[in-house]
Trainee: 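One structure follows; several queries about it will come next.
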Amino acid sequence: MVFVDKAAFPPSSPPVPGRLAHRDRTSRDSHLPAAAPRGEWSMSRYVRNLRKWLLERLPRYDVVYCDFMRDESAMVVELARRLHVPCVVRCGALMGANDIVWQASLRSRQSIFQRCLAADAIIAPRASAQQGLLAAGAKSPTIVRIADGIGDPLRRTKATIAAARKSLAEVNHDLNVPVDGRVLLCMNRLSPEGGVSSLLASIWPVLDQRPDDRLWLIGDGSWRAKIFSEIKGHGIGRSAFMPGSFDHIDELMHAADVFVLPSASDGVESFWPTAIAAGLPSVVVDCPDTRAYLGGAFSDTHHFAAQDVDQLQFKLHEVLEHYDEASIAAERLRKRLAQTTPLSDSIARHVRLFQSLAAMRDVSNVGGATG
(Lines give C-alpha, C1' and ligand atoms only; values in the text may rest on other atoms or scores of the structure.)
Protein backbone atom coordinates (compact mmCIF):
# COMPACT_ATOMS: atom_id res chain seq x y z
CA MET A 1 0.00 0.00 0.00
CA VAL A 2 0.98 3.59 -0.62
CA PHE A 3 -0.59 6.45 1.33
CA VAL A 4 -0.67 9.70 -0.58
CA ASP A 5 -0.66 13.18 0.91
CA LYS A 6 -1.48 15.73 -1.78
CA ALA A 7 1.26 17.93 -0.30
CA ALA A 8 3.69 15.35 -1.67
CA PHE A 9 2.52 16.09 -5.21
CA PRO A 10 2.33 19.84 -5.74
CA PRO A 11 1.02 20.67 -9.23
CA SER A 12 4.29 22.36 -10.22
CA SER A 13 6.54 19.47 -9.25
CA PRO A 14 7.68 16.95 -11.86
CA PRO A 15 6.75 13.30 -11.28
CA VAL A 16 9.68 11.52 -9.69
CA PRO A 17 9.64 7.77 -8.86
CA GLY A 18 10.88 8.38 -5.35
CA ARG A 19 7.90 10.59 -4.56
CA LEU A 20 5.56 7.58 -4.60
CA ALA A 21 6.25 6.86 -0.96
CA HIS A 22 4.62 6.79 2.47
CA ARG A 23 4.15 10.28 3.84
CA ASP A 24 2.41 11.23 7.06
CA ARG A 25 1.07 14.77 7.61
CA THR A 26 2.04 14.74 11.28
CA SER A 27 5.38 12.98 11.15
CA ARG A 28 8.16 12.09 8.76
CA ASP A 29 8.86 8.88 10.65
CA SER A 30 8.05 5.56 8.99
CA HIS A 31 5.19 3.54 10.45
CA LEU A 32 4.73 -0.12 9.71
CA PRO A 33 1.87 -2.46 10.64
CA ALA A 34 2.33 -6.03 11.82
CA ALA A 35 4.67 -8.21 9.80
CA ALA A 36 3.24 -9.37 6.49
CA PRO A 37 1.76 -12.88 6.40
CA ARG A 38 3.92 -15.81 5.35
CA GLY A 39 0.99 -17.81 4.04
CA GLU A 40 -2.78 -17.92 3.67
CA TRP A 41 -3.22 -19.30 7.21
CA SER A 42 -1.79 -16.12 8.73
CA MET A 43 -3.54 -13.74 6.32
CA SER A 44 -6.72 -13.28 8.39
CA ARG A 45 -4.72 -12.34 11.49
CA TYR A 46 -2.62 -9.93 9.47
CA VAL A 47 -5.69 -8.28 7.95
CA ARG A 48 -7.24 -7.80 11.41
CA ASN A 49 -4.07 -6.18 12.75
CA LEU A 50 -3.70 -4.04 9.64
CA ARG A 51 -7.28 -2.84 10.00
CA LYS A 52 -6.64 -1.70 13.57
CA TRP A 53 -3.47 0.07 12.44
CA LEU A 54 -5.30 1.84 9.59
CA LEU A 55 -8.27 2.96 11.67
CA GLU A 56 -5.98 5.41 13.45
CA ARG A 57 -3.79 6.49 10.55
CA LEU A 58 -5.81 6.35 7.34
CA PRO A 59 -7.80 9.60 7.93
CA ARG A 60 -4.50 11.53 7.83
CA TYR A 61 -4.09 10.84 4.10
CA ASP A 62 -5.78 12.04 0.94
CA VAL A 63 -5.59 8.80 -1.08
CA VAL A 64 -4.71 5.17 -0.39
CA TYR A 65 -3.34 2.93 -3.14
CA CYS A 66 -3.35 -0.90 -3.11
CA ASP A 67 -1.12 -2.74 -5.54
CA PHE A 68 -3.25 -5.92 -6.07
CA MET A 69 -6.82 -7.03 -5.48
CA ARG A 70 -6.45 -9.52 -2.64
CA ASP A 71 -7.47 -9.94 1.02
CA GLU A 72 -5.86 -6.83 2.47
CA SER A 73 -6.99 -4.65 -0.43
CA ALA A 74 -10.63 -5.68 0.08
CA MET A 75 -10.39 -4.62 3.72
CA VAL A 76 -8.65 -1.34 2.83
CA VAL A 77 -11.29 -0.47 0.22
CA GLU A 78 -14.13 -1.01 2.70
CA LEU A 79 -12.37 0.94 5.44
CA ALA A 80 -11.40 3.79 3.09
CA ARG A 81 -14.99 4.21 1.92
CA ARG A 82 -16.18 4.21 5.52
CA LEU A 83 -13.64 6.93 6.38
CA HIS A 84 -14.29 8.86 3.13
CA VAL A 85 -10.72 8.46 1.91
CA PRO A 86 -10.46 7.90 -1.87
CA CYS A 87 -9.04 4.48 -2.68
CA VAL A 88 -7.22 3.14 -5.74
CA VAL A 89 -6.50 -0.52 -6.43
CA ARG A 90 -4.41 -2.01 -9.20
CA CYS A 91 -5.36 -5.22 -10.97
CA GLY A 92 -1.94 -6.80 -11.08
CA ALA A 93 0.06 -9.97 -10.52
CA LEU A 94 1.27 -11.06 -7.11
CA MET A 95 4.22 -13.51 -7.17
CA GLY A 96 3.29 -14.32 -10.75
CA ALA A 97 -0.42 -15.00 -10.15
CA ASN A 98 -2.68 -12.63 -12.09
CA ASP A 99 -5.53 -11.21 -9.99
CA ILE A 100 -8.12 -12.13 -12.64
CA VAL A 101 -6.91 -15.75 -12.73
CA TRP A 102 -6.48 -15.86 -8.94
CA GLN A 103 -10.04 -14.80 -8.16
CA ALA A 104 -11.61 -17.28 -10.58
CA SER A 105 -10.25 -20.34 -8.78
CA LEU A 106 -12.30 -20.19 -5.55
CA ARG A 107 -15.64 -18.70 -4.51
CA SER A 108 -14.04 -17.09 -1.45
CA ARG A 109 -11.52 -15.35 -3.69
CA GLN A 110 -14.30 -14.12 -5.96
CA SER A 111 -15.94 -12.51 -2.93
CA ILE A 112 -12.67 -10.76 -2.00
CA PHE A 113 -12.23 -9.57 -5.59
CA GLN A 114 -15.80 -8.23 -5.73
CA ARG A 115 -15.19 -6.18 -2.60
CA CYS A 116 -12.16 -4.63 -4.27
CA LEU A 117 -14.35 -3.48 -7.18
CA ALA A 118 -15.88 -0.87 -4.85
CA ALA A 119 -12.66 1.18 -5.06
CA ASP A 120 -12.95 4.68 -6.47
CA ALA A 121 -10.50 3.87 -9.24
CA ILE A 122 -9.13 0.56 -10.54
CA ILE A 123 -5.92 0.58 -12.55
CA ALA A 124 -5.79 -1.90 -15.44
CA PRO A 125 -2.21 -2.25 -16.75
CA ARG A 126 -3.21 -4.11 -19.91
CA ALA A 127 -6.15 -4.92 -22.16
CA SER A 128 -6.92 -8.36 -20.71
CA ALA A 129 -7.05 -6.88 -17.20
CA GLN A 130 -9.60 -4.30 -18.35
CA GLN A 131 -11.69 -6.97 -20.07
CA GLY A 132 -11.50 -9.22 -17.01
CA LEU A 133 -12.58 -6.39 -14.73
CA LEU A 134 -15.58 -5.59 -16.90
CA ALA A 135 -16.54 -9.26 -17.05
CA ALA A 136 -16.32 -9.43 -13.25
CA GLY A 137 -18.73 -6.53 -12.88
CA ALA A 138 -16.48 -3.47 -12.53
CA LYS A 139 -18.05 -0.18 -13.61
CA SER A 140 -16.36 1.08 -16.75
CA PRO A 141 -15.88 4.71 -15.54
CA THR A 142 -13.82 3.52 -12.56
CA ILE A 143 -11.28 1.63 -14.72
CA VAL A 144 -8.12 3.55 -15.57
CA ARG A 145 -5.71 2.15 -18.15
CA ILE A 146 -2.09 2.79 -17.14
CA ALA A 147 0.48 0.56 -18.78
CA ASP A 148 3.73 -0.39 -17.06
CA GLY A 149 6.51 1.67 -18.56
CA ILE A 150 10.11 0.87 -19.40
CA GLY A 151 12.51 2.17 -16.78
CA ASP A 152 16.11 3.29 -17.01
CA PRO A 153 18.31 0.82 -18.89
CA LEU A 154 20.19 -1.83 -16.94
CA ARG A 155 23.59 -1.51 -18.54
CA ARG A 156 24.92 -5.05 -18.89
CA THR A 157 28.64 -5.45 -19.55
CA LYS A 158 31.00 -8.42 -19.37
CA ALA A 159 32.03 -7.20 -15.94
CA THR A 160 28.48 -6.85 -14.57
CA ILE A 161 27.45 -10.21 -16.02
CA ALA A 162 30.44 -11.95 -14.45
CA ALA A 163 29.89 -10.21 -11.11
CA ALA A 164 26.19 -11.09 -11.03
CA ARG A 165 26.81 -14.74 -11.87
CA LYS A 166 29.55 -15.00 -9.26
CA SER A 167 27.33 -13.46 -6.60
CA LEU A 168 24.34 -15.69 -7.40
CA ALA A 169 26.48 -18.83 -7.52
CA GLU A 170 27.83 -18.04 -4.06
CA VAL A 171 24.27 -17.86 -2.74
CA ASN A 172 23.06 -20.96 -4.58
CA HIS A 173 25.44 -23.42 -6.22
CA ASP A 174 22.71 -24.41 -8.70
CA LEU A 175 23.17 -20.99 -10.29
CA ASN A 176 26.77 -21.67 -11.25
CA VAL A 177 27.22 -21.14 -15.00
CA PRO A 178 30.04 -22.53 -17.20
CA VAL A 179 32.31 -19.89 -18.72
CA ASP A 180 30.78 -20.09 -22.20
CA GLY A 181 27.25 -20.90 -21.08
CA ARG A 182 24.14 -18.89 -21.84
CA VAL A 183 21.40 -18.38 -19.25
CA LEU A 184 17.74 -18.53 -20.24
CA LEU A 185 15.57 -16.88 -17.60
CA CYS A 186 11.89 -17.70 -17.06
CA MET A 187 9.95 -16.05 -14.24
CA ASN A 188 6.47 -17.46 -14.86
CA ARG A 189 4.66 -19.11 -11.98
CA LEU A 190 5.03 -22.88 -11.61
CA SER A 191 1.32 -23.48 -12.13
CA PRO A 192 -1.04 -24.80 -14.82
CA GLU A 193 -1.41 -21.37 -16.43
CA GLY A 194 2.30 -20.48 -16.26
CA GLY A 195 3.28 -22.29 -19.46
CA VAL A 196 6.42 -23.81 -17.90
CA SER A 197 5.50 -27.38 -18.91
CA SER A 198 5.39 -26.32 -22.56
CA LEU A 199 8.74 -24.60 -22.12
CA LEU A 200 10.35 -27.76 -20.71
CA ALA A 201 8.92 -29.88 -23.52
CA SER A 202 10.44 -27.43 -26.00
CA ILE A 203 13.79 -26.75 -24.40
CA TRP A 204 15.15 -30.18 -23.51
CA PRO A 205 16.52 -30.86 -27.04
CA VAL A 206 18.10 -27.39 -27.00
CA LEU A 207 19.85 -28.00 -23.68
CA ASP A 208 20.83 -31.48 -24.82
CA GLN A 209 22.74 -29.94 -27.73
CA ARG A 210 24.12 -27.07 -25.60
CA PRO A 211 25.22 -28.67 -22.30
CA ASP A 212 26.86 -25.46 -21.02
CA ASP A 213 23.61 -23.47 -21.24
CA ARG A 214 21.29 -23.13 -18.28
CA LEU A 215 17.56 -22.62 -17.71
CA TRP A 216 16.60 -20.79 -14.51
CA LEU A 217 12.96 -21.11 -13.46
CA ILE A 218 12.51 -18.32 -10.92
CA GLY A 219 9.50 -18.33 -8.61
CA ASP A 220 7.18 -20.91 -7.13
CA GLY A 221 3.72 -22.36 -7.52
CA SER A 222 1.41 -25.31 -7.02
CA TRP A 223 3.14 -27.31 -9.77
CA ARG A 224 6.63 -27.09 -8.28
CA ALA A 225 6.86 -30.83 -7.59
CA LYS A 226 5.39 -31.63 -11.01
CA ILE A 227 7.82 -29.33 -12.80
CA PHE A 228 10.72 -30.88 -10.87
CA SER A 229 9.60 -34.34 -12.02
CA GLU A 230 9.36 -33.12 -15.63
CA ILE A 231 12.89 -31.71 -15.47
CA LYS A 232 14.14 -35.13 -14.36
CA GLY A 233 11.95 -36.88 -16.92
CA HIS A 234 13.39 -34.83 -19.77
CA GLY A 235 16.91 -35.59 -18.57
CA ILE A 236 17.92 -31.96 -18.04
CA GLY A 237 18.45 -32.04 -14.28
CA ARG A 238 21.99 -30.69 -14.74
CA SER A 239 20.86 -27.77 -16.89
CA ALA A 240 17.48 -26.60 -15.55
CA PHE A 241 17.08 -25.32 -11.99
CA MET A 242 14.35 -23.93 -9.72
CA PRO A 243 16.15 -21.72 -7.16
CA GLY A 244 12.93 -20.22 -5.75
CA SER A 245 11.79 -16.60 -5.50
CA PHE A 246 13.90 -13.44 -5.37
CA ASP A 247 12.97 -10.11 -3.77
CA HIS A 248 15.24 -8.18 -6.15
CA ILE A 249 15.60 -9.21 -9.77
CA ASP A 250 18.15 -6.77 -11.22
CA GLU A 251 21.00 -9.17 -10.50
CA LEU A 252 19.12 -11.95 -12.29
CA MET A 253 18.69 -9.70 -15.31
CA HIS A 254 22.42 -8.92 -15.34
CA ALA A 255 23.27 -12.63 -15.16
CA ALA A 256 20.83 -13.77 -17.86
CA ASP A 257 21.22 -13.82 -21.63
CA VAL A 258 17.67 -14.54 -22.80
CA PHE A 259 14.25 -13.87 -21.25
CA VAL A 260 11.53 -16.44 -21.95
CA LEU A 261 7.83 -15.67 -21.48
CA PRO A 262 5.97 -18.95 -22.21
CA SER A 263 2.57 -17.58 -21.09
CA ALA A 264 1.09 -14.11 -20.68
CA SER A 265 -0.72 -15.18 -17.50
CA ASP A 266 2.07 -13.48 -15.56
CA GLY A 267 5.37 -11.72 -16.09
CA VAL A 268 4.08 -9.20 -18.63
CA GLU A 269 3.55 -6.47 -16.05
CA SER A 270 6.88 -6.37 -14.22
CA PHE A 271 9.44 -8.99 -15.20
CA TRP A 272 9.27 -8.57 -18.96
CA PRO A 273 9.58 -4.75 -18.90
CA THR A 274 12.63 -5.13 -16.67
CA ALA A 275 14.11 -7.67 -19.10
CA ILE A 276 13.50 -5.24 -21.95
CA ALA A 277 15.22 -2.47 -19.97
CA ALA A 278 18.17 -4.84 -19.54
CA GLY A 279 18.36 -5.36 -23.30
CA LEU A 280 17.73 -9.11 -23.07
CA PRO A 281 16.49 -10.84 -26.23
CA SER A 282 12.94 -12.04 -25.59
CA VAL A 283 11.30 -15.31 -26.62
CA VAL A 284 7.64 -14.55 -25.92
CA VAL A 285 4.19 -15.99 -26.50
CA ASP A 286 2.26 -14.37 -29.32
CA CYS A 287 -1.03 -13.16 -27.84
CA PRO A 288 -3.12 -9.96 -27.63
CA ASP A 289 -1.43 -8.82 -24.40
CA THR A 290 2.14 -9.10 -25.66
CA ARG A 291 1.26 -7.55 -29.01
CA ALA A 292 -0.65 -4.70 -27.38
CA TYR A 293 2.23 -3.93 -25.05
CA LEU A 294 4.84 -3.67 -27.81
CA GLY A 295 2.69 -2.47 -30.67
CA GLY A 296 4.73 -2.15 -33.85
CA ALA A 297 7.90 -3.18 -31.99
CA PHE A 298 6.64 -6.75 -31.57
CA SER A 299 8.63 -7.85 -34.60
CA ASP A 300 11.84 -7.34 -32.60
CA THR A 301 10.95 -10.31 -30.38
CA HIS A 302 11.25 -14.02 -31.08
CA HIS A 303 7.58 -14.96 -30.74
CA PHE A 304 5.67 -18.22 -30.95
CA ALA A 305 2.06 -19.38 -30.87
CA ALA A 306 0.75 -20.33 -27.44
CA GLN A 307 1.45 -23.97 -26.50
CA ASP A 308 3.17 -24.62 -29.85
CA VAL A 309 6.07 -26.72 -28.59
CA ASP A 310 7.79 -27.08 -31.97
CA GLN A 311 7.65 -23.37 -32.74
CA LEU A 312 8.93 -22.45 -29.27
CA GLN A 313 11.82 -24.89 -29.69
CA PHE A 314 12.69 -23.33 -33.06
CA LYS A 315 12.70 -19.82 -31.56
CA LEU A 316 14.93 -20.90 -28.67
CA HIS A 317 17.40 -22.40 -31.15
CA GLU A 318 17.20 -19.28 -33.30
CA VAL A 319 17.98 -16.78 -30.55
CA LEU A 320 20.88 -18.85 -29.18
CA GLU A 321 22.44 -19.64 -32.55
CA HIS A 322 22.20 -16.01 -33.71
CA TYR A 323 22.68 -14.30 -30.38
CA ASP A 324 24.51 -11.20 -31.65
CA GLU A 325 21.67 -10.40 -34.05
CA ALA A 326 19.11 -11.05 -31.30
CA SER A 327 20.96 -8.68 -28.96
CA ILE A 328 20.94 -5.91 -31.57
CA ALA A 329 17.17 -6.35 -32.03
CA ALA A 330 16.67 -6.33 -28.24
CA GLU A 331 18.58 -3.05 -27.88
CA ARG A 332 16.53 -1.57 -30.73
CA LEU A 333 13.37 -2.66 -28.90
CA ARG A 334 14.57 -1.14 -25.62
CA LYS A 335 15.29 2.23 -27.19
CA ARG A 336 11.97 2.31 -29.02
CA LEU A 337 9.89 1.50 -25.93
CA ALA A 338 11.91 3.90 -23.79
CA GLN A 339 10.55 6.62 -26.08
CA THR A 340 6.99 5.37 -26.59
CA THR A 341 6.28 3.72 -23.20
CA PRO A 342 8.58 5.37 -20.66
CA LEU A 343 8.25 4.67 -16.95
CA SER A 344 8.10 8.44 -16.36
CA ASP A 345 4.82 8.57 -18.30
CA SER A 346 3.35 5.77 -16.18
CA ILE A 347 4.38 7.60 -13.00
CA ALA A 348 2.93 10.89 -14.28
CA ARG A 349 -0.41 9.21 -15.00
CA HIS A 350 -0.47 7.76 -11.49
CA VAL A 351 0.30 11.18 -10.02
CA ARG A 352 -2.49 12.85 -12.02
CA LEU A 353 -4.94 10.20 -10.85
CA PHE A 354 -3.91 10.65 -7.22
CA GLN A 355 -4.16 14.42 -7.51
CA SER A 356 -7.65 14.28 -9.03
CA LEU A 357 -8.85 12.02 -6.24
CA ALA A 358 -7.11 14.06 -3.54
CA ALA A 359 -8.93 17.15 -4.83
CA MET A 360 -12.17 15.32 -4.05
CA ARG A 361 -10.99 14.27 -0.59
CA ASP A 362 -14.26 15.10 1.13
CA VAL A 363 -16.47 13.34 -1.41
CA SER A 364 -17.59 9.89 -0.29
CA ASN A 365 -17.98 8.51 -3.80
CA VAL A 366 -15.48 9.69 -6.41
CA GLY A 367 -16.35 7.33 -9.21
CA GLY A 368 -15.68 8.34 -12.78
CA ALA A 369 -11.90 8.75 -12.53
CA THR A 370 -10.31 8.99 -15.93
CA GLY A 371 -6.62 9.08 -15.07
Side-chain angles (χ1 to χ4, degrees), residues 1-9 20-95 97-124 129 133 136-139 142-144 247 350 353-367 369:
M1 279 176 295
V2 174
F3 306 106
V4 181
D5 182 338
K6 61 188 175 185
F9 303 103
L20 292 176
H22 294 217
R23 179 161 176 166
D24 191 312
R25 288 178 177 171
T26 61
S27 173
R28 293 180 180 271
D29 297 333
S30 297
H31 300 288
L32 297 175
R38 294 182 178 273
E40 292 190 8
W41 288 105
S42 58
M43 176 60 78
S44 60
R45 183 174 66 252
Y46 168 73
V47 170
R48 287 196 302 271
N49 291 336
L50 179 61
R51 188 177 187 279
K52 294 177 182 177
W53 187 84
L54 287 174
L55 271 171
E56 176 186 350
R57 294 167 175 82
L58 193 55
R60 304 174 187 173
Y61 296 91
D62 297 289
V63 180
V64 61
Y65 168 72
C66 300
D67 189 22
F68 304 117
M69 300 176 70
R70 307 291 173 98
D71 305 63
E72 62 179 349
S73 297
M75 178 275 296
V76 172
V77 170
E78 293 174 346
L79 188 59
R81 293 188 68 82
R82 172 184 162 186
L83 299 174
H84 305 298
V85 177
C87 183
V88 180
V89 297
R90 180 178 181 275
C91 184
L94 178 62
M95 295 301 291
N98 183 285
D99 283 342
I100 301 293
V101 175
W102 174 84
Q103 64 91 26
S105 60
L106 292 172
R107 185 171 297 178
S108 59
R109 293 179 176 179
Q110 292 174 6
S111 175
I112 291 169
F113 191 82
Q114 287 294 319
R115 289 157 58 196
C116 292
L117 295 181
D120 299 297
I122 306 172
I123 295 175
L133 287 166
K139 297 178 181 178
T142 67
I143 301 175
V144 185
D247 292 331
H350 279 84
L353 174 61
F354 294 157
Q355 287 177 331
S356 67
L357 293 174
M360 306 172 73
R361 172 67 175 81
D362 297 325
V363 181
S364 60
N365 183 355
V366 288

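Since this is a predicted model, take the numbers as computed values, not measurements.
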Trainee: To the nearest 0.5 Å, how far apart are CG in D71 and SG in C116?
Mentor: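 Between D71 CG and C116 SG, I get 8.5 Å after rounding to 0.5 Å.
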Trainee: Quick one: side chain to side chain contact (heavy atoms under 4.5 Å, CB included) partners of A138, sequence neighbours excluded?
Mentor: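 In terms of side chain to side chain contact (heavy atoms under 4.5 Å, CB included), with neighbours along the sequence ignored, A138 is linked to L117, I122, L133, I143.
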Trainee: Does the R81 side chain pair with the main chain of A118, one donor and one acceptor, at a distance under 3.5 Å?
Mentor: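 A pair under 3.5 Å: yes.
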Trainee: For residues D99 and R70, determine if any side-chain heavy atom of one lies less than 4.5 Å from a side-chain heavy atom of the other.
Mentor: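 The answer is yes, as the side chains (C-beta and beyond) meet within the 4.5 Å cut-off.
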Trainee: Given 3.5 Å as the limit, does a donor-acceptor pair link the side chain of Q103 with the main chain of Q114, or not?
Mentor: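 Here the side-chain-to-backbone pair does not exist.
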Trainee: Specify the closest pair of heavy atoms between Y65 and I123, including all atoms of both residues, with the distance to one decimal.
Mentor: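 Heavy-atom minimum between the residues: CE1-CD1, 3.8 Å.
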Trainee: Any side-chain heavy atom of L55 within less than 4.5 Å of one from R82?
Mentor: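 SC-SC contact between L55 and R82 confirmed.
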Trainee: Stepwise, does the salt bridge (Lys or Arg N to Asp or Glu O under 4.0 Å) test hold for R60 with E56?
Mentor: CA-CA 8 Å; R60 304 174 187 173; E56 176 186 350; 3.5 Å; yes
Trainee: Who passes side-chain hydrogen bond (donor to acceptor under 3.5 Å, both in side chains) against E78, sequence neighbours left out?
Mentor: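 Testing E78 for side-chain hydrogen bond (donor to acceptor under 3.5 Å, both in side chains), a comparison that skips the adjacent residues, returns R115.
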Trainee: Search all heavy atoms of C66 against all heavy atoms of V76 and return the closest pair with its distance.
Mentor: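 Smallest heavy-atom distance, with atoms named: SG-CG1, 3.6 Å.
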Trainee: Of L50, I112, L54, V77, which is the lone residue that meets side chain to side chain contact (heavy atoms under 4.5 Å, CB included) with E72?
Mentor: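 Only one option passes, and that is L50.
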Trainee: With heavy-atom distances below 4.5 Å as the criterion, would you say the side chains of V64 and L79 are in contact?
Mentor: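 Not touching, per the 4.5 Å side-chain cut-off.
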Trainee: Supply the atom-to-atom distance R57 CZ to L83 CG, rounded to the nearest 0.5 angstrom.
Mentor: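 With rounding to 0.5 Å, CZ (R57) is 13.5 Å from CG (L83).
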Trainee: What are the two closest non-hydrogen atoms of P86 and L357, and how far apart are they?
Mentor: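 Taking every non-hydrogen atom into account, CG-O, 3.5 Å.
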Trainee: What residues form a side chain to side chain contact (heavy atoms under 4.5 Å, CB included) with R48, not counting sequence neighbours?
Mentor: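 Checked R48 against side chain to side chain contact (heavy atoms under 4.5 Å, CB included); matches are S44, R45.
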Trainee: Please examine the side chains of D62 and F354, heavy atoms only from C-beta on, and report whether any two atoms are closer than 4.5 Å.
Mentor: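 Of all side-chain heavy-atom pairs linking D62 with F354, none is under 4.5 Å.
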Trainee: For the residue pair F68 and S73, what are the closest heavy atoms and their distance?
Mentor: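 Reported closest heavy-atom pair: O-OG, 2.7 Å.
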Trainee: Tell me the closest heavy-atom pair linking I100 and A129, and the distance in Å.
Mentor: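 Looking at all heavy atoms of both residues, the shortest contact is CD1-O, 4.2 Å.
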